[in-house]
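In what follows, chains carry the letters A, B, and so on, assigned in the order in which the sequence lines appear, proteins first and then strands, with residues in each chain numbered from 1.
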Amino acid sequence: MNKRLQLAVRNAVCTNCRMSNQAEGDDVCVTGQGPNGARVVIVTKFPIGPRSRKELSGFLADADWPDVDNVMWCSAIKCRSWGMDPNKTDMKACRPYLDEELNFVKPEYVLCIGGEALFAATGRAGIMKYRGKLFTHASGATVMATIAPGMVARNPRFRDGFIADLRYFRNLASGIVTDQDPYHTPGERQTTVATKAVLRSLLAALDASGVVSYDVETTGAGEYESGAAIVSLSLTTAATSMATAHVWKIPLFHPQSPWRRQWQRILAIIARYLYKVKRRIAHNAKFDTRWLRTFGMPELTPTFDTIIAAALLDENRVKGLKPLAQQLLGADPWGIDTKNLLITPIDEVLDYNGLDTWHTLRLYFMFREQLKAQPRIGRLFIYLMMPLVQELVNVEQRGVYVDREVLATNHNIARQTLADVREQLMEWVPPREEWPPNIKDVNFNASNFARWWLFEHLGLPVMARGKTKDDGSPGAPSMAEAIMLELAELHEVGKLMGEHALWFKRCSAFFESYEALLDENSRIHTTFKPWGTVTGRLSSGKEDEEKLTARGHVKGVNLQQVPRDPLLRGVFGAPPGSSFVEADYSQIELRIAAFLAREQTMLHLYASGQDIHMAMAMRMTGKPASRVTKEERKRAKAVNFGFLYGMGWHKFVMTAWSNYQLRVTEEESRAFRTSFFDQFPMLPAWHAKQRRLAHKFGRVMTPMGRVRHLPDIESPIPDVRAEAERQAINSPVQGFASDMAALSMVFVARKFRKLGLTAHPIGTVHDAVNFEIPNDELRIALPIIKDTMETLPLERLFGVVLDVPIVADIKVGTHWGLARELSIDEVYDWQAA
DNA sequence: AGTCAGCGCGCG
DNA sequence: AAAGCGCGCGCTGACT
């Protein structure tokens, strides 16, 4: 400890927090360590010891900060204790000491490592929100926070950002001009477009530009909702490099904007010039493109999406613009509270908006080079991902048609059923006087009420518990459906609780969301993220911006998880005069696995048109094919995929029970698994090969060249390593299959357009593509869909010769869940029935 | 009023 | 020792 600081601040008999009870002698109230006159204070969670000092020194060295001599090390919690985590009360109790320390040391800069340090120095909580932002402490010091090294240890993807934060702080504290890069900030190279004369300059600049990046700030709600508006637009134009880059900031709907009354007209004027710029770049381009298309730029199409490039080049990294710019370009952190931009001063909005396009353009030039250097990734970007983004703009903008009548009817059925179940459950609920005092309301979800009621009041046995709590106490009794099913054997409420869970979810997660999100054209809009998964699948749900609206809770619709029940899927349909067409790749992952593994038995089965899932279902149920139900085949599918991707005998015991009510012993389970691999003898060799490749290269690849990096493959922890090995087996299959589905959507849509059809895709569900097709176009459209999906130009575009038959099954109907599967003859010779 | 983790479950 | 993979969402209960 620093003697002078110790004398000034330390309270050796402090008992304000729980840590102090555990600490003795020197470990109570440990004040800062370091030289007098230190200009920099680093605040850690606990008083720093040799081990964490060494760990931090490693990170600091990586951030080009090897010399940390003139630093005072202080802590948020001043007592050294073991195995104890401070809560908010402890942190509050200790805060005054840090304040005193900072007032005494009077450093110029303070770096907070982790959330506790952030709180101690600034009183703010939320490290992910505040990291990288600058604060001023009462002592006059400039304070910046970053994440804790522990977070990097748990999740290596935070590493680069952590180092970038440290480097930024080092530069800040040492007064180094933060970057040699002349494009570190736009500086003078920016203009606010607030007069007609400047607007004309912008148009001239667009006319002369070869590349432009664009970004909008919005009112927050979906662009299809009433009241939606674009607050401001930013464009960064350039000829062919950053040397000629210039930021244009255009106020639009903001109250202080000169264009507020005619903002859409301004967009329309700019549109014609923007279209003509050859390369149009945005970060998460679908979002900005949809908004701009809706409000005056109907023909805008992005040519390069930096978020897609970022994800293709490294699927594991954080993909937001800010972290990328900070990590890859050394950009200074920037940001404002985007929750209500209309009450944020216009200059703040514009500067923020401008930095977004400035750094987007810088990322563009960087990623373009990286894609050129990795031609296979580059081809995926050009021939698959950008066309996909362009098509998804159409898909998201259009939305999916909802049959209001069916929605109302089915929602009513669900509501009524839920009410009935609830009424029956209520018969078993005792009067309120008998409840424990801490329980306020009846709640049949996994609540304290339900747990007390089932396991104490009704005295039903606890079959399983949730995760053990941090303090070592046992987890809460499990309320999972499988447990309720077991309880049903003992008490009728078990069955009712299962039904309650089912209908509650149907009402709240599905029907209520649908009604809330329906637009005036009876359509629901969802968002697809082609960068949302590590394997290359699309994820689907709420737009990130929509999660932040100040209007309260916005429900989300994930069109990839609509229950396979006509009551729910039947809500989605085609408008009158059109049909809902679902095109499914049949057993695509299994076919791809057969192809990748060169599994001769599987290849032969597919060559002769057989069904592997059915074979498993027959073995599981002991029934002949004719008597196996659809449901049983579906369960068999789960078993096949389980074994294919590395499921052990242990889990199979559970699968067999929960799927088939089949009691399987350990020996039987092992035998079953063995016989699966005996049946397909090349699979184990393929598994071994994938593991070997992952260990050798740290990554695996799909046939089209999509990469999955597996840093955990080097982990010293066997569980973690084994998980990476299973991912090495799964990823190429899952990734290839989803790329095929995405590519087929792009190609089918392209052919529809070429033929002047109004038929269009609605979205993908991993291995299926859904379409909305006018009835008089079905005759032309159906064969196009089937042919395109089964014969994608994989060899021409990606050099892949796929020698396993690919089959697309086509279903047609008025509504999603009610579609009927067509025979091949019907697909190729459609007669409207 | 908002945020978070844990759980359970919807889909492929 | 323990072992399918990939997602998003709503709810609860804890916190500020």
Answer with base, sugar-phosphate or nothing: what part of the nucleic acid does [X] contact at a heavy-atom distance below 4.0 Å?
| X | answer |
| --- | --- |
| V733(A) | nothing |
| S731(A) | nothing |
| F504(A) | sugar-phosphate |
| R451(A) | nothing |

Could you check whether [Y] and [X], counting side-chain N and O atoms only, form a donor-acceptor pair closer than 3.5 Å?
| X | Y | value |
| --- | --- | --- |
| R591(A) | S586(A) | yes |
| R506(A) | T417(A) | no |
| H687(A) | E725(A) | no |

Between atom [atom1] in [X] and atom [atom2] in [N], what is the gap in whole Å?
| X | N | atom1 | atom2 | result |
| --- | --- | --- | --- | --- |
| Q561(A) | dG6(C) | CD | C1' | 13 Å |
| L538(A) | dC5(C) | CG | P | 21 Å |
| N438(A) | dG13(C) | CG | P | 10 Å |
| M484(A) | dC9(B) | CE | C1' | 14 Å |
| N640(A) | dG12(B) | CG | P | 16 Å |
| N445(A) | dG13(C) | CG | C1' | 13 Å |
| N558(A) | dG12(B) | CG | P | 11 Å |
| D767(A) | dG6(C) | CG | P | 17 Å |

(Q) Tell me if the centroids of the rings in F672(A) and F652(A) come within less than 6.0 Å of each other. (A) yes
Q: Verify whether the ring centers belonging to F680(A) and F676(A) lie closer than 6.0 Å.
A: yes
For [X] and [N], is the shortest distance between a side-chain N/O and OP1 or OP2 below 4.0 Å?
| X | N | result |
| --- | --- | --- |
| K505(A) | dC9(B) | no |
| N730(A) | dG6(C) | no |
| S738(A) | dG12(B) | no |
| S539(A) | dG8(C) | yes |
| N443(A) | dC11(C) | no |
| S508(A) | dC11(C) | yes |
| R537(A) | dC11(B) | no |

Q: Please confirm whether R95(A) makes a cation-pi placement over F119(A), using NZ or CZ under 6.0 Å from the six-membered ring centre and within 45° of the ring normal.
A: yes
Q) So which of residues 563-572 of chain A are in contact with DNA chain B, with a heavy-atom cut-off of under 4.0 Å? A) P563(A), R564(A), R569(A)
Q.
Pair M484(A), L496(A) - check side-chain contact (heavy atoms from CB on, under 4.5 Å), show working.
A. CA-CA 9 Å; M484(A) 294 301 121; L496(A) 289 169; over 6 Å; no
Q) When rounded to the nearest Å, what value does the distance between P atoms of dA3(C) and dC7(B) take? A) 15 Å
Q: Taking the side chain as every heavy atom from C-beta outward, state whether W531(A) and N284(A) have any atom pair closer than 4.5 Å.
A: yes
Q.
Any heavy-atom pair between the side chains of M740(A) and I806(A) that's under 4.5 Å?
A. yes
**Q.** Selection from dG12(B), dG8(B), dG10(B) that lies nearest to any side-chain heavy atom of F510(A)
**A.** dG10(B)
Q: Measure from the side-chain heavy atoms of N448(A) and tell me the nearest of dG13(C), dC9(C), dC9(B).
A: dG13(C)
Q: Kindly give the heavy-atom pair with the smallest separation between P530(A) and L538(A), and that separation in Å.
A: CA-CD2, 3.5 Å
(Q) To the nearest 0.5 Å, what is the distance between CH2 on W452(A) and CH2 on W435(A)? (A) 7.5 Å
**Q.** Nucleic acid contacts - residues 718-729 of chain A versus DNA chain C, non-hydrogen atoms under 4.0 Å
**A.** P718(A), D719(A), E723(A), R726(A), Q727(A)
Q | Stepwise side-chain hydrogen bond (donor to acceptor under 3.5 Å, both in side chains) check, Q734(A) with T535(A) | A | CA-CA 7 Å; Q734(A) 195 187 110; T535(A) 57; 2.7 Å; yes
**Q.** Per-nucleotide pairing state of DNA chain C [Watson-Crick or G-U, under 3.5 Å; [ ] pseudoknot-crossing; | other strand]
**A.** ....||||||||||||
Q. Quick one: does R706(A)'s side chain have a donor or acceptor within less than 3.5 Å of a partner on F736(A)'s backbone?
A. no
Q | Residue whose nearest DNA chain C nucleotide is more 5′ - H766(A) or W649(A) | A | W649(A)
